[in-house]
Amino acid sequence: MKQKRKLVTEIPGPRSRALWERRTRAVPAAVGTTLPIFVQRAQGGIVEDVDGNRLIDLGSGIAVVNVGHAHPAVVEAIAQQAANFVHTCFQVTPYEGYVAVCEQLAARTPGNHEKRSVLVNSGAEAVENAVKIARAATGRPAVIAFDQAFHGRTLLGLSLTAKVVPYKKSFGPYAPEIYRAPFSYPFRGTGRLAETLEWIEASVDVSQIACVVVEPIAGEGGFVVPEPRWLEGIAQWCRSNGVVFVADEVQTGFGRTGAWFASEHEGVVPDLVATAKGLGGGMPIAGVTGRAEIMDAVHAGGLGSTFGGNPVSCAAALAAIDVIEKEQLVERAQMLGNRMLERLVALQHDTTGIGDVRGRGAMVAIELVNDDGTPDAERAKRVCADCHTQGVIVLTAGTSGNVVRLLPPLVLDESLLDEGLDALEKAVRG
Ligand SMILES: *Cc1c(COP(=O)(O)O)cnc(C)c1O
């Protein structure tokens, strides 16, 4: 498919609007929609809708298609594996692909220690399993999560997640023994390391803490990059107190931030790493990778999932990991990120209402604020809607909903990125 933006109808067009009618009768409004165009095809950095409009994708299906939509190597791996076998359940009769993905996870995640991995289906499931493993390994119940945290929509995932509307509202009661500490938020000047550690020690019996679950960069929480050394300080505190350090790299993993994993930027080696989104090149697959002695502390048969590490998803993951390596997408993420930051910082100085420009690699956001510095969620919504009308897919984020985030596929042409940024700039200038 030609890597070019093309608008042939208004957005959404008549065919998408007709499908939207059908959708409203079949799917509850509880399942949200960022942009109600219905997709027909997607390739590389372009999404084509049923009306023939071609949009530039700066969202990657929420940081999933890091290798681009329908990468030929991924498509080929899927087709070949599907022709061989689609499912057996790894716990019934195993297959090589699962083992090979676990070997790749061991090789790519931070640290040279001996590792094991378990494969599951989604980010939420990975985080839940990380907590189960940490509890089994320590014999302790308590879990520390943070402000700005997002860890998925299952009950434990939601219990760990900070944001109430829309995620948590009316779905409680939540899992017990979860404590929410301040997250480092440099733009707001909150959650310095000393403050966070004091909060933990004052609020929880440290001898009862199984694990700290932390995103190295808060994703849904607004691409908040903690202040330098904060993550390292938390990891060090965990080591001193026998607490398992769990990095939720579901959104930040697989080259997204200009490193294989975002923990690397801080020189941090997590005890357990939860992965999902970018792992499968578009197919659903997730994992928990960790120190052998922690992973092996769980009793035989204690972990598993019917579909976890599905053979087709494993084949796609192996292909996607190979593409990230061969096409040097980690380096490319850095290049795309620098390009975005440069443009957006210039825009911030030349306009009003952009309080902060931040991010790492191809994970970049602007935080929109009112004159008094309070969050301006309305403006974020308007900016996104304007980009969509121009044929550029962007997403919002932030606990207050006032952040516009950019997560382009790491294969995106520079010229398409520039075009997307032109549209964003026009939207911000209004
Ligand atoms: C998306 C996300 C999750 C949840 O992943 P699902 O696959 O939607 O369950 C968990 N943690 C982080 C950091 C995420 O970005």
Side-chain angles (χ1 to χ4, degrees), residues 30-34 59-66 109 118-132 134 143-163 166-168 171 175 178 180 183-184 211-226 231 245-257 261-263 265 268 270 272-289 305 307-310 313 316-317 320 359-365 395-399 401 403 405-407:
V31 181
T33 304
T34 298
S60 300
I62 318 188
V64 168
V65 289
N66 291 2
T109 52
V118 56
L119 300 182
V120 289
N121 303 287
S122 69
E125 208 184 334
V127 173
E128 293 231 356
N129 276 282
V131 171
K132 282 163 61 177
V143 179
I144 307 293
F146 293 93
D147 295 329
Q148 272 77 49
F150 181 85
H151 297 294
R153 294 184 186 250
T154 54
L155 188 72
L156 184 55
L158 278 184
S159 303
L160 294 165
T161 291
K163 190 173 176 175
Y167 303 130
K168 302 181 76 159
F171 297 144
I178 288 168
R180 191 171 312 289
F183 188 74
S184 171
C211 62
V212 165
V213 180
V214 62
E215 295 164 84
I217 299 172
E220 303 301 301
F223 287 14
V224 182
V225 184
L231 202 68
F245 182 90
V246 182
D248 180 346
E249 293 251 17
V250 168
Q251 189 156 164
T252 48
F254 298 97
R256 174 53 54 188
T257 67
F261 293 93
S263 299
H265 294 292
V268 166
L272 299 179
V273 182
T275 55
K277 293 194 166 98
L279 169 57
M283 289 293 282
I285 184 169
V288 184
T289 302
S305 149
F307 289 122
N310 170 271
S313 293
R360 257 190 174 137
M363 184 172 182
V364 169
L395 312 171
T396 56
T399 304
V403 174
R405 59 172 155 168
L406 307 177
L407 293 156

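Each residue takes its place number in the sequence, starting with 1. Note that ligands are numbered from 1 as they come in the structure, with each ligand's atoms numbered from 1 the same way.
- Around atom CZ of F307, no more than 12 heavy atoms belonging to other residues, nucleotides or ligands sit under 6.0 Å away.
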Open item on the list: Quick one, L160 with I178, criterion side-chain contact (heavy atoms from CB on, under 4.5 Å). Give me CA distance, side-chain angles, the key distance, then yes/no.
Closed with: CA-CA 7 Å; L160 294 165; I178 288 168; 3.9 Å; yes
Quick one: table the atom pairs, ligand 1 N or O against protein N or O, below 3.5 Å, distance rounded to 0.1 Å.
from     : atom 1 : to   : atom 2 : distance (Å)
ligand 1 : 5 (O)  : G123 : N      : 3.4
ligand 1 : 7 (O)  : G123 : N      : 2.8
ligand 1 : 9 (O)  : G123 : N      : 3.3
ligand 1 : 9 (O)  : A124 : N      : 2.8
ligand 1 : 11 (N) : F150 : O      : 3.3
ligand 1 : 11 (N) : D248 : OD1    : 3.4
ligand 1 : 11 (N) : D248 : OD2    : 2.7
ligand 1 : 15 (O) : Q251 : NE2    : 2.8
ligand 1 : 15 (O) : K277 : NZ     : 2.6

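- Residues V214 and F183 meet the side-chain proximity criterion, which asks for heavy atoms closer than 4.5 Å.
- Ring geometry for Y167 versus F150: interplanar angle of 30 to 60°, hence tilted.
- Applying side-chain contact (heavy atoms from CB on, under 4.5 Å) to E215 and the options V127, V250, D248, L231 leaves one that passes, D248.
- Using a 4.0 Å cut-off between a side-chain N of Lys or Arg and a carboxylate O of Asp or Glu, E125 and K132 do not qualify as a salt bridge.
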